[in-house]
Asker: 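I'd like to ask you about the structure that follows.
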Amino acid sequence: MPTDFHHDIPKDAKIYIAGHSGLAGSAIWRAFEAEGYRNLVGRRSAELDLMDRAATYDFLSQERPDYLIAAAAKVGGIYGNAAANADFLSDNLRIQLNLLDGAREFGVTRAVFLGSSCIYPKFAPQPIREDSLMTGPLEPSNFGYAIAKIAGVYHVQALREQYGCSFVSAMPTNLYGPGDNFALPGAHAFPMLLRRLHDAKVAGDEEFVVYGTGTTMREFLHADDLGRAVLTLLRRYDGPEPVNVGFGEDIVINDLVALMAKVVGYEGRIGHDLSKIDGTPRKLMDSGRIRSLGWEPRIGLAEGVTSTYEWFLANQETFRR
Ligand SMILES: NC(=O)c1ccc[n+]([C@@H]2O[C@H](COP(=O)([O-])OP(=O)(O)OC[C@H]3O[C@@H](n4cnc5c(N)ncnc54)[C@H](OP(=O)(O)O)[C@@H]3O)[C@@H](O)[C@H]2O)c1
């Protein structure tokens, strides 16, 4: 991969972060702010429904952003996805089509489309490289979300090819951090486990039940590390292939539960509900491509679990439940 691309993002550039209120988008916002960017634009879905093409085009034609970060999506955990594949497919296709087509139509200079590691085949060789895309069947539980995100990667490639748009795709691994969605059921594994362990501790439960065997392995990246990765990609990458953004190590879910239990202070037994599905056995990404551009994660898992739990405790009234 060529590593000699360099692009300066002017400090007064107008940067539209679609999904700025979410886990990923809020971290991306913080990353831009930390580097002195002040002309940041965001809209909640109640103000601008990105599934509405006319409304999205009106907004883009008025705001004329220089940069777009497409971090708005309908997002959920394995159980939420499995129950609503049609909605995850349809909503996400519409959101990303409107954003990417609109970015082309209204002259956005550079854009980053956020996909996800679930675009890769269920049994892709580990660690998963970007060229595993479309080489095998998907994990069936979240195929709606995955197909939409795969379409997004190809949409970016087609816009580059046909219209010369300088847009790129980033594939983050599982994210966590402040502002995560702790709503049960339907949350991702990380916030779901943290919230349920907290609730078990508060209720004085003697046993905490992990859904499934807990033997699957997952990679987790703090959202603030993704925020810095997005800046790296805007400045250093201009290619059609998606770029993985991962932590570089994974952890067995049972070990994550043990780490979280220690941080939360839950001292009961750990059991398992084997009637629940496990999902893909392992999903560690090869993030060599973005590392070759000078990015690496800075927040370790123990530190990240602790700070996220502190955020959770401090935001009891406002977090998404
Ligand atoms: N979380 C992860 O583990 C993870 C992993 C890999 C990739 N990603 C990617 O990161 C992106 C964001 O995920 P996230 O975890 O940050 O999700 P999130 O916390 O649930 O945030 C979703 C964001 O999208 C916005 N949104 C949703 N539907 C919208 C609509 N119809 N119109 C306008 N805005 C809408 C939400 O706005 P409101 O709050 O105003 O509704 C919110 O800002 C997604 O593309 C996802 O694929 C996430």
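One-based numbering along the sequence shown. Computed from heavy atoms alone, side chains included, the values below leave out hydrogens, waters and symmetry copies. Counting starts at 1 for both ligands and their atoms, in listed order.
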Asker: In terms of side-chain geometry, is the basic nitrogen of Glu35 or Arg235 positioned less than 4.0 Å from the acidic oxygen of its partner?
Answerer: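 Yes, Glu35 and Arg235 are salt-bridged.
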
Asker: Is the cationic atom of Lys74 (NZ for Lys, CZ for Arg) positioned less than 6.0 Å from the six-membered ring centroid of Phe88 and within 45 degrees of its normal?
Answerer: yes

Asker: Provide the number and element of each atom of ligand 1 under 4.0 Å from a heavy atom of Thr173.
Answerer: 5 (C), 6 (C)

Asker: Does the N or O separation between Ala72 and ligand 1 drop below 3.5 Å for any pair?
Answerer: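 No - when backbone and side-chain N and O of Ala72 are compared with those of ligand 1, no distance drops under 3.5 Å.
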
Asker: So is Ala18 touching ligand 1 or not, going by heavy atoms under 4.0 Å?
Answerer: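 No; Ala18 lies far enough from ligand 1 that no heavy-atom distance drops under 4.0 Å.
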
Asker: Quick one: does Asn92 get a heavy atom under 4.0 Å from ligand 1?
Answerer: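 False for this residue.
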
Asker: Would His7 and Tyr67 count as a close aromatic pair, with their ring centres under 6.0 Å?
Answerer: yes

Asker: Say whether Leu48 and ligand 1 are in contact under the criterion: heavy-atom distance to a ligand atom below 4.0 Å.
Answerer: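 Per 4.0 Å heavy-atom rule, Leu48 contacts ligand 1.
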
Asker: List every atom of ligand 1 that sits less than 4.0 Å from any heavy atom of Gly115, numbering the atoms from 1 in the order shown and giving each element.
Answerer: 6 (C), 7 (C), 8 (N), 9 (C), 47 (O)

Asker: Is the ring centre of Tyr211 less than 6.0 Å from the ring centre of His272?
Answerer: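 Ring centroids of Tyr211 and His272 are no less than 6.0 Å from each other.
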
Asker: Non-hydrogen atoms of Tyr176 versus ligand 1: any pair closer than 4.0 Å?
Answerer: no

Asker: Check if Lys149 has a non-hydrogen atom at a distance under 4.0 Å from any atom of ligand 1.
Answerer: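 Flag set, Lys149 near ligand 1.
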
Asker: Under 4.0 Å from a heavy atom of Leu50: which atoms of ligand 1 are those, numbered in the order shown and with their elements?
Answerer: 30 (C), 31 (N), 32 (N), 33 (C), 34 (N)

Asker: Check each atom of ligand 1 against the heavy atoms of Leu114 and keep those under 4.0 Å away; list them by number with element.
Answerer: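 Taking each heavy atom of Leu114 in turn, ligand 1 has 10 (O), 45 (O) under 4.0 Å.
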
Asker: Hey, would you say the Phe220 and Phe247 ring centroids sit under 6.0 Å apart?
Answerer: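 For Phe220 and Phe247, the ring centres are not under 6.0 Å apart.
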
Asker: Just say parallel, tilted or perpendicular for the rings of Phe190 and Tyr176, cut-offs at 30° and 60°.
Answerer: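 If you compare the ring of Phe190 with that of Tyr176, the planes turn out parallel.
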
Asker: By number and element, which atoms of ligand 1 are closer than 4.0 Å to a non-hydrogen atom of Arg44?
Answerer: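 Result: 38 (P), 39 (O), 40 (O).
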
Asker: Answer yes if the side chains of Asn244 and Tyr120 hold a donor-acceptor pair under 3.5 Å, and no otherwise.
Answerer: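 Tyr120 and Asn244 do have a side-chain donor-acceptor pair below 3.5 Å.
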
